[in-house]
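Numbers restart at 1 for each chain; the letters A, B, ... are given by sequence-line order, proteins then strands.
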2 protein chains.
Amino acid sequence: MNLPATAKKFIVHWGEMGARWGINRSVAQIHALLYLSPQPLPADEIAETLAIARSNVSVGLKELQGWGLVRATQTLGDRRDHFETSADVWDLFRVIIRERKRRELDPTLTVLRECVAEAKASESKQLPHLDERLEAMLEFMELADAWGERATRLAPKNLRRLAKLGDSIFKLAE
Amino acid sequence: MNLPATAKKFIVHWGEMGARWGINRSVAQIHALLYLSPQPLPADEIAETLAIARSNVSVGLKELQGWGLVRATQTLGDRRDHFETSADVWDLFRVIIRERKRRELDPTLTVLRECVAEAKASESKQLPHLDERLEAMLEFMELADAWGERATRLAPKNLRRLAKLGDSIFKLAE
DNA sequence: TCATAATTTCTGTAATTTCTGAAATGTTGT
DNA sequence: ACAACATTTCAGAAATTACAGAAATTATGA
């Protein structure tokens, strides 16, 4: 596909953003392209459009499917899989939160709980406040975890609605 | 400094987490060590404790100072700078949000606004919904930006208070 | 069953990032 | 001004990551 300049700009920027957040540049670009596409795309068209090797697209799509961000669809008269992502940014947000929570927050909570238990058991001379610091971090992560859990449960529409309530929510805490 | 096993575990895990979020592993480890330390540490002690080159510590500390996460302090009778970070996780959170907003969200908003303007000006045949998709993304980013801005303004204590209101906040959107 | 198409896995190369140790620069006290 | 200490810069080495193309595998239809 020959992309309009605007689409190219968005896809390139999306790739850069992904890279800053620990997502492979090509993977982020594939996702950006699918987000803009009105219909599911076959892997070879993605490869051609983004000018990356077909094999890379295969790996990238697997990765995105692993995140639950992309799914394969089939059409009559074409043996190739066609890939699509959700057109709803709030849905994408929800999925990303869910996965990062599962992959990063949950293991961190496990480690922190172990650390807190150990730190309480044995006081250290070099680091007298070790337990306090770890407990504070644990509390933070548990709250983040709870927010992630709730965001995951909420329907995309309600998530958007909640986001728009920003001002009144922050007034609760002033 | 000879670290207790628990501290090592935390620092190593923190380094891994950082790496997943686009922060250099050593930089994240330096920050973790400073977070656990009851007093500011000189660069050579950081290097020795984490077993990384002194020059590397220098670069890492500069990076952390650039984020506003670490500052140098001086003590009488010691020419060396001693480095410290905030012991308040909510303060750290606030600083990180502020910087990521400045470095990533704000430039993204700029690009997206340009993209939306271009997309409205010229309809594309291949991507008929380009403008809608870009506008939806822009709305999302603007809301994220507004939340970041408010979080940045709030005092750490109030941020914590707000985080603890999680349940009642999410009820607003059900 | 066989030929063809589609996809994935694998392997080596290229590019990037991270890190070290040496050299250069800056700072402090005598 | 000089010596001692402290820090930063820099160039190259080491490690990691990303990528392309070939080979292998899997699926489809005749």
Judged by nearest nucleotide, the residue sitting upstream toward the 5' end of DNA chain C, A/Asp78 or A/Ser55, is A/Asp78
Linking I/L/V/M/F/W/Y whenever their side-chain heavy atoms sit closer than 4.5 Å, directly or via other members, would A/Ile52 and A/Met17 fall into one cluster?
no
Counting the atoms with a prime plus P, OP1 and OP2 as sugar-phosphate, which does B/Asp44 contact under 4.0 Å by heavy atoms, base, sugar-phosphate, or nothing?
nothing
Can you tell me how the ring of A/Phe93 sits relative to the ring of A/Trp90, calling it parallel under 30°, perpendicular over 60° and tilted otherwise?
perpendicular
Out of D/dA20, C/dC19, D/dT7, which nucleotide sits closest to the side chain of B/Ser58?
D/dT7
Using the six-membered ring wherever Trp is involved, compare the ring planes of B/Trp147 and A/Phe170 and label them parallel, tilted or perpendicular (cut-offs 30° and 60°).
perpendicular
Starting from P on D/dA22, measure out to CZ on A/Arg54 and report it in whole angstrom.
15 Å
What's B/Arg25 touching, base or sugar-phosphate or nothing? Going by heavy atoms closer than 4.0 Å.
nothing
Would you kindly say whether A/Gln126 and B/Asn2 are connected by a side-chain donor-acceptor distance under 3.5 Å?
no
Closest to side chain of A/Arg79, choosing from C/dT8, D/dT28, D/dA20
D/dT28
Whole-Å distance between C/dT9 C1' and A/Glu63 CD?
16 Å
Expressed as a whole number of angstroms, how long is the span from A/Gln29:CD to D/dA18:C1'?
12 Å
Go through C/dT18, C/dT20, D/dT7 for me and flag the one nearest to the B/Arg80 side chain.
D/dT7
Between atom CG in A/Leu41 and atom P in C/dT7, what is the gap in whole Å?
13 Å
Mind calculating the distance between CG (B/Leu64) and P (D/dT8) to the nearest angstrom?
13 Å
Protein-nucleotide distance (B/Arg20, atom CZ; D/dT16, atom P), rounded to Å
16 Å
Identified side-chain contact (heavy atoms from CB on, under 4.5 Å) partner of A/Ser86 from the options A/Asp91, A/Leu34, A/Val70, A/Val95:
A/Asp91
A/Asn56 atom CG is separated from D/dT17 atom C1', nearest whole Å, by 12 Å
Nearest-Å distance, CG (B/Leu61) to C1' (C/dC19)?
15 Å
Among C/dT9, C/dC19, D/dA20, the one nearest any side-chain atom of A/Ala53 is D/dA20
